[in-house]
Number of protein chains: 2
Amino acid sequence: MTVTEQEPGELTVEAVLRQLPLTPRTLRYYEEVGLIAPSSRTSGGHRLYDQKTVERLQQILRLKENLGVSLQEIREILDAEQALDALRQSFHQNRQDHERQLEYTDRYIEVLRQLIEKMDEKIESVTAMRDRYQERLQKSLYFRENGFRKNETEGE
Amino acid sequence: MTVTEQEPGELTVEAVLRQLPLTPRTLRYYEEVGLIAPSSRTSGGHRLYDQKTVERLQQILRLKENLGVSLQEIREILDAEQALDALRQSFHQNRQDHERQLEYTDRYIEVLRQLIEKMDEKIESVTAMRDRYQERLQKSLYFRENGFRKNETEGE
DNA sequence: TACGCACCTGACGTCAACGTTAGGTTTCGC
DNA sequence: GCGAAACCTAACGTTGACGTCAGGTGCGTA
């Protein structure tokens with residue numbers, strides 16, 4: 001029983017790729033542009049990730065796939081999120097940090113609002129599109145059964 | 001009153017760009033990859049488009065924007081559509097063409113089915129995403145008002 | 001009929017998001 | 001303790017979807 005992981009639940013590159021449709025290169029590229037970072041390394045320099053990073057990657061993939069936002073934009077979103085998170089982790093609670101907390105929270109809230117708005121717009125336009133294509137499909141199915149008249153203007 | 005158009009409703013490049021958020025270059029590029037074609041040209045070689053092409057362009061933009069499909073895929077979709085359309089236009093109705101009509105119709109129907117499925121998936125996943133982010137927003141708003149407790153694990 | 005703007009055809013440039021190759025090191029199962 | 005497979009860094013290559021420039025032509029209007 002040779003346990004590979006050093007810390008409980010640290011994942012090798014391979015282990016991450018088993019969970020997500022990525023390549024090693026993509027993982028390294030995302031690190032290069034500041035989207036993720038390995039939680040640690042082996043003594044030999046191999047990257048190790050934690051489960052939080054996997055979730056982060058899932059979020060990245062969803063943002064890409066569903067909203068088509070660039071990695072740059074994704075980074076801004078995740079940064080706002082992380083800045084707030086980091087601040088919450090730190091225990092400093094003097095007035096200074098309270099100010100900063102409000103600032104970061106507001107920034108994050110704004111990011112969230114815009115994202116949600118974007119999603120709502122997308123849902124709406126895709127739905128409208130779906131309806132149009134659904135109608136086309138119905139017509140084609142009808143056409144397939146009944147053949148078509150020369151002039152489609154004639155009702156029957 | 002100097003009417004530019006030769007045929008009723010033929011549009012110059014500029015007229016098309018007034019209706020759609022494109023550049024001349026994009027118009028030419030789409031022609032290059034076989035997505036559109038000018039309905040005619042002026043004697044001097046300037047492109048003229050009809051309204052059908054404008055609608056085609058709108059469809060292209062929607063497919064790109066909403067589903068994120070490549071121009072290559074879009075071409076396949078539009079081709080299936082156009083093949084059927086062309087066949088319907090032709091008046092040949094012998095058995096041969098009937099066979100072909102069925103074939104093209106089926107192909108188009110299949111294309112439509114897959115597209116609609118894709119849209120449904122997208123609607124679903126974006127909606128799910130929206131709900132997740134909505135929840136985050138609620139939390140952040142609550143947090144903003146009430147500050148946050150050290151251990152968020154405690155219910156209250 | 002002259003002028004300015006729109007348009008033309010090449011052709012090369014660009015940018016994001018990776019792919020690929022080279023040449024070496026690490027890890028792991030046996 | 002060894003060999004195959006996974007991983008490393010560094011660097012150049014690729015692909016889609018256009019942008020941009022050069023050098024010339026067409027078009028509408030004053």
Side-chain angles (χ1 to χ4, degrees), chain A residues 1-7 10-49 53 56-57 59-78, chain B residues 1-7 10-49 53 56-57 59-78:
Chain A
M1 179 174 101
T2 52
V3 179
T4 305
E5 286 82 72
Q6 307 183 289
E7 294 295 317
E10 296 238 58
L11 302 164
T12 69
V13 169
E14 212 190 7
V16 171
L17 301 190
R18 266 197 294 272
Q19 298 186 55
L20 301 171
L22 298 171
T23 69
R25 170 59 172 146
T26 300
L27 226 47
R28 263 174 278 132
Y29 180 66
Y30 285 1
E31 182 179 342
E32 207 178 307
V33 298
L35 282 176
I36 59 170
S39 53
S40 69
R41 298 253 188 165
T42 68
S43 56
H46 287 200
R47 278 167 251 259
L48 292 174
Y49 301 96
T53 303
R56 208 174 155 85
L57 283 166
Q59 200 184 342
I60 292 171
L61 293 181
R62 279 194 299 259
L63 283 169
K64 246 176 71 82
E65 186 68 17
N66 291 329
L67 299 186
V69 305
S70 70
L71 296 185
Q72 174 66 11
E73 292 172 287
I74 292 177
R75 204 174 71 115
E76 286 161 19
I77 295 166
L78 296 185
Chain B
M1 181 176 100
T2 52
V3 179
T4 305
E5 284 83 74
Q6 306 181 293
E7 292 296 318
E10 294 239 60
L11 303 165
T12 70
V13 169
E14 212 189 9
V16 172
L17 301 192
R18 265 198 294 272
Q19 299 186 55
L20 301 172
L22 298 171
T23 69
R25 171 58 171 147
T26 302
L27 227 48
R28 263 175 277 133
Y29 180 66
Y30 285 1
E31 181 179 344
E32 206 179 309
V33 298
L35 282 177
I36 60 170
S39 53
S40 71
R41 298 253 188 166
T42 68
S43 56
H46 287 198
R47 287 171 178 80
L48 293 174
Y49 300 95
T53 303
R56 209 175 154 84
L57 282 166
Q59 199 184 344
I60 292 171
L61 292 182
R62 278 193 300 260
L63 283 169
K64 244 176 71 82
E65 186 69 18
N66 292 329
L67 298 187
V69 305
S70 70
L71 297 184
Q72 174 66 13
E73 291 171 287
I74 292 177
R75 203 174 71 115
E76 287 162 18
I77 294 166
L78 296 185

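In the text below, chain A, chain B and the rest are named by the order of the sequence lines, each starting its count at 1.
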Legend entry - Phosphate-side-chain proximity, A:Tyr30 and C:dC18, N/O vs OP1/OP2 below 4.0 Å: yes
Inset, instruction - Report yes if a side-chain nitrogen or oxygen of A:Lys64 is closer than 4.0 Å to either non-bridging phosphate oxygen (OP1 or OP2) of C:dC18; otherwise report no. - result: yes
Inset, instruction - Select base, sugar-phosphate, or nothing to describe what B:Arg47 touches, counting heavy atoms under 4.0 Å on all strands. - result: sugar-phosphate
Inset, instruction - Select from B:His46 and B:Gln72 the residue whose nearest nucleotide in DNA chain D is closer to the 5' end of that strand. - result: B:Gln72
Inset, instruction - Please state how far atom CG in A:Leu57 lies from atom C1' in C:dA17, giving the value in whole angstrom units. - result: 15 Å
Legend entry - Residue of the set B:His46, B:Glu10, B:Arg47 for which side-chain hydrogen bond (donor to acceptor under 3.5 Å, both in side chains) holds with B:Ser40: B:Glu10
Legend entry - Whole-Å gap separating C1' (C:dA17) and CD (A:Glu31): 16 Å
Inset, instruction - Begin from the C-alpha positions of A:Glu32 and A:Arg28 and carry the test side chain to side chain contact (heavy atoms under 4.5 Å, CB included) through to its verdict. - result: CA-CA 6 Å; A:Glu32 207 178 307; A:Arg28 263 174 278 132; 5.7 Å; no
Inset, instruction - Could you check how far CG of A:Leu22 sits from C1' of C:dA17, rounded to whole Å? - result: 13 Å
Legend entry - Rounded interatomic separation in angstrom, taking CG from A:Leu63 and P from C:dA16: 19 Å
Inset, instruction - Verify the contact: side-chain N or O of B:Arg75 to OP1 or OP2 of D:dG16, cut-off strictly under 4.0 Å; return yes or no. - result: no
Legend entry - A:Ser70 or B:Tyr49, whichever maps to the more 5' nucleotide of DNA chain C: B:Tyr49
Inset, instruction - Kindly point out which of D:dG16, C:dC7, D:dC8 is positioned nearest to the side chain of A:Arg28? - result: D:dC8
Inset, instruction - Provide, to the nearest angstrom, the distance between the CD atom belonging to A:Glu32 and the P atom belonging to D:dC8. - result: 13 Å
Legend entry - Distance test, side-chain N/O of B:Arg25 to OP1/OP2 of C:dC7, below 4.0 Å: no
Inset, instruction - Check the distance between D:dG16's C1' and B:Ile74's CD1 and give it to me in whole angstrom. - result: 12 Å
Legend entry - Nearest-0.5 Å distance, CG of residue A:Leu22 to OH of residue A:Tyr30: 6.5 Å
Legend entry - Length of the CG-C1' vector between A:Leu27 and C:dT20, whole Å: 17 Å
Inset, instruction - Sort out for me which residue in A:Leu27, A:Thr53, A:Leu48, A:Ile36 forms a side-chain contact (heavy atoms from CB on, under 4.5 Å) with A:Val16. - result: A:Leu27
Legend entry - Nearest-neighbour nucleotide for the B:Arg41 side chain, C:dT9, C:dT27, D:dA6 considered: C:dT9
Legend entry - B:Thr26, nearest nucleotide to its side chain (from C:dA6, D:dC8, D:dG19): D:dG19
Legend entry - CG-CD distance between B:Leu35 and B:Gln72, expressed to the nearest 0.5 angstrom: 9.0 Å
Inset, instruction - Tell me whether the OP1 or OP2 atom of C:dC18 has a side-chain N or O from A:Thr23 closer than 4.0 Å. - result: no
Legend entry - Whole angstrom value for the distance that separates P of C:dA6 from CZ of B:Arg18: 10 Å
Legend entry - Presence of A:Thr42 side-chain N/O under 4.0 Å of D:dC7 phosphate oxygens OP1/OP2: no
